[in-house]
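Note sheet for the following structure.
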Amino acid sequence: MKKLLSAFLCAALLCAFAGCAQSEPAEVQTQSYPQTASDEMKMETVLTPAEYVLYQNIFYNDQGDDYVGQTVTKTGIFTVLQDAYNDTRRFYVWGYNDNTKCCDWQWEFVPAADAQLPEPGSKVQVYGTFVQDESALDGYWIENAELTVVSPFKGGDADVDTTTMGGTLERVQLANLQGRPEQFEGKSVKVYGRIESPTSVQHPYYDNSFSQPFASDGAVQAVGARVVVSGVYASGVITQADVTLSNDF
């Protein structure tokens, strides 16, 4: 199953090493979206094309060994992946390649023992050593990582909140939810996507990337609407679902 999840992670994105490649600091652009009465979340979009290129070189062009042992610094969005296949939590710093949000990158890291972890969705700087490790989902991660919070994010109120993830990590998390539903039974979840049907939500940018069923007694937005679906996970379905329009963070 590790190979399955790794395929999800490596298939969509690939990125660049602000620290080890000695490139310029990541350019960050904050976008303001129209706020809705039902959804107050906002998130910065991290624009770092160099990260995407470097990630591609490491995982597609077999250049990972060139960076092993180097100290790296990454700036992006912090998220926590509940890896149900391997029964562990995984920590990532991620960002988008550009404003189209078609291509995202993410670096797995292992926090230092004394690291203070912020709310998922916070913008952070991660500093540690790039190493090869078979426990990493893609074979490499940043170990003994220290975190500095650049800007905090508040609003995460679900046990499993995929709205704080980039597209690839969100798809991996949905694979976890759907492949190991018993490990998420009864937990509160929050999924970002677009309405596929009155009872399902799909990936907001790619058809057929995922389809997550939900059950709601309330009014459902029109097909194609970008939404956040919040509820309780039960037998593979988001039940008691609250479906609200998203500000498309």
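Remember, it's a predicted structure, so these values are computed and weren't measured experimentally.
Open room surrounds OH on Tyr127; 12 or fewer heavy atoms of other groups in view lie less than 6.0 Å from it. Atom CG of Asp217 is surrounded by 12 or fewer heavy atoms from other residues, nucleotides or ligands within 6.0 Å.
Put simply, OG1 on Thr79 and CD on Glu119 are 10.5 Å apart, with the number rounded to the nearest 0.5 Å. Going from atom CD of Gln116 over to atom CG of Leu147 covers 10.0 Å, rounded to the nearest 0.5 Å. Once rounded to the nearest 0.5 Å, the distance linking OG of Ser246 with OH of Tyr192 reads 4.5 Å. In this structure, OG1 on Thr162 lies 10.5 Å from CG on Leu169, to the nearest 0.5 angstrom. Here the straight-line distance linking atom CD of Gln221 with atom CZ of Arg226 works out to 13.5 Å at 0.5 Å rounding. Taking CD of Glu108 as the start and OH of Tyr92 as the end, the distance is 4.0 Å to the nearest 0.5 Å.
Val46 pairs in a side chain to side chain contact (heavy atoms under 4.5 Å, CB included) with only one of the listed residues (Ile77, Asn97, Thr75), which is Ile77.
Side chain of Gln240 to main chain of Gly231: no donor-acceptor pair is present (N/O by atom type, distance under 3.5 Å, no hydrogens or angles). No side-chain donor-acceptor contact under 3.5 Å links Asn144 to the backbone of Ala112. The main-chain N or O of Val172 is found under 3.5 Å from a side-chain atom of Asn176 such that the two form a donor-acceptor pair. Under the 3.5 Å distance criterion, the side-chain polar atoms of Asp83 are matched with a main-chain donor or acceptor of Tyr85. For Gln70 (side chain) and Asp66 (main-chain N/O), a donor-acceptor pair under 3.5 Å exists by modelled atom type. Of the possible polar contacts, one joining the Ser216 side chain to the Ala241 backbone as a donor-acceptor pair under 3.5 Å is found. A distance-only check finds no donor-acceptor pair linking the side chain of Gln106 to the backbone of Thr168 [under 3.5 Å].
Using modelled atom types and a 3.5 Å distance limit, the side chains of Thr88 and Asn86 yield no donor-acceptor pair. Judged by distance alone, the side chains of Asp65 and Tyr140 do bring a donor and an acceptor atom under 3.5 Å apart. Gln178 and Gln212 share a donor-acceptor pair across their side chains, judged by distance under 3.5 Å alone. Donor-acceptor pairing under 3.5 Å is lacking for the side chains of Ser230 and Asp242. At a cut-off of 3.5 Å, with distance as the only test, no side-chain donor of Thr148 or Gln125 sits close to an acceptor on the other residue. Side-chain contact check for Ser209 and Arg171: at least one donor-acceptor pair (N or O, by modelled atom type) lies under 3.5 Å.
By the 4.5 Å heavy-atom criterion applied to side chains, Thr164 and Phe78 are not counted as neighbours. Here the side chains of Val232 and Val189 are not in contact, with every heavy-atom distance at 4.5 Å or above. Under the 4.5 Å side-chain criterion, counting only non-hydrogen atoms from C-beta, Lys74 is not in contact with Phe109. Between Val93 and Val124 the shortest side-chain heavy-atom distance falls below 4.5 Å. Looking at heavy atoms from C-beta onward, Phe91 lies in side-chain contact with Pro111 at the 4.5 angstrom threshold. No side-chain heavy atom of Phe153 sits under 4.5 Å from any side-chain heavy atom of Lys123. A heavy-atom distance below 4.5 Å is not found between the side chains of Val126 and Val72. Between Val131 and Trp141 there is a side-chain heavy-atom pair separated by less than 4.5 Å.
In terms of heavy atoms, Arg180 sits closest to Ala84 at CB-CB, 3.6 Å. Looking at every heavy atom in both residues, Gln173 comes nearest to Val160 through NE2-CG1, 3.7 Å. Minimum heavy-atom separation, Ala234 to Thr239: CB-CG2, 3.9 Å. Taking each heavy atom of Ala115 and Ala145 in turn, the nearest pair found is CB-O, 3.9 Å. Nearest heavy-atom pair across Glu170 and Pro204 is OE1-CD, 4.3 Å. For the pair Ser188 and Ala158, the tightest heavy-atom approach, listed with the atom from each and the gap, is OG-CA, 3.4 Å.
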- Message: Applying side-chain contact (heavy atoms from CB on, under 4.5 Å) to Phe59 and Asp138, what does each step give before you reach the verdict?
- Response: CA-CA 8 Å; Phe59 293 104; Asp138 285 323; 3.3 Å; yes
- Query: Do Arg194 and Gln202 pass the side chain to side chain donor-acceptor pair (under 3.5 Å) test, and can you show the C-alpha distance, the side-chain angles, and the key distance before you say yes or no?
  - Reply: CA-CA 5 Å; Arg194 62 184 175 192; Gln202 68 177 184; 2.9 Å; yes
- Message: Could you walk me through whether Ile238 and Val191 satisfy the side-chain contact (heavy atoms from CB on, under 4.5 Å) test, starting with their C-alpha distance in whole Å, then the side-chain angles of each, then the deciding distance to 0.1 Å, before giving a yes or no?
- Response: CA-CA 9 Å; Ile238 301 176; Val191 173; 3.8 Å; yes
- Item | CA sep, side-chain torsions, deciding dist, call: Glu196, Ser211, side chain to side chain donor-acceptor pair (under 3.5 Å) | CA-CA 8 Å; Glu196 178 184 36; Ser211 181; 2.5 Å; yes
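Taking the six-membered ring for Trp and thresholds of 30 and 60 degrees, Phe184 and Tyr233 have ring planes more than 60 degrees apart, a perpendicular arrangement.
Linking ILVMFWY residues whenever their side-chain heavy atoms come closer than 4.5 Å, directly or via other members, leaves Val68 and Val110 in distinct clusters.
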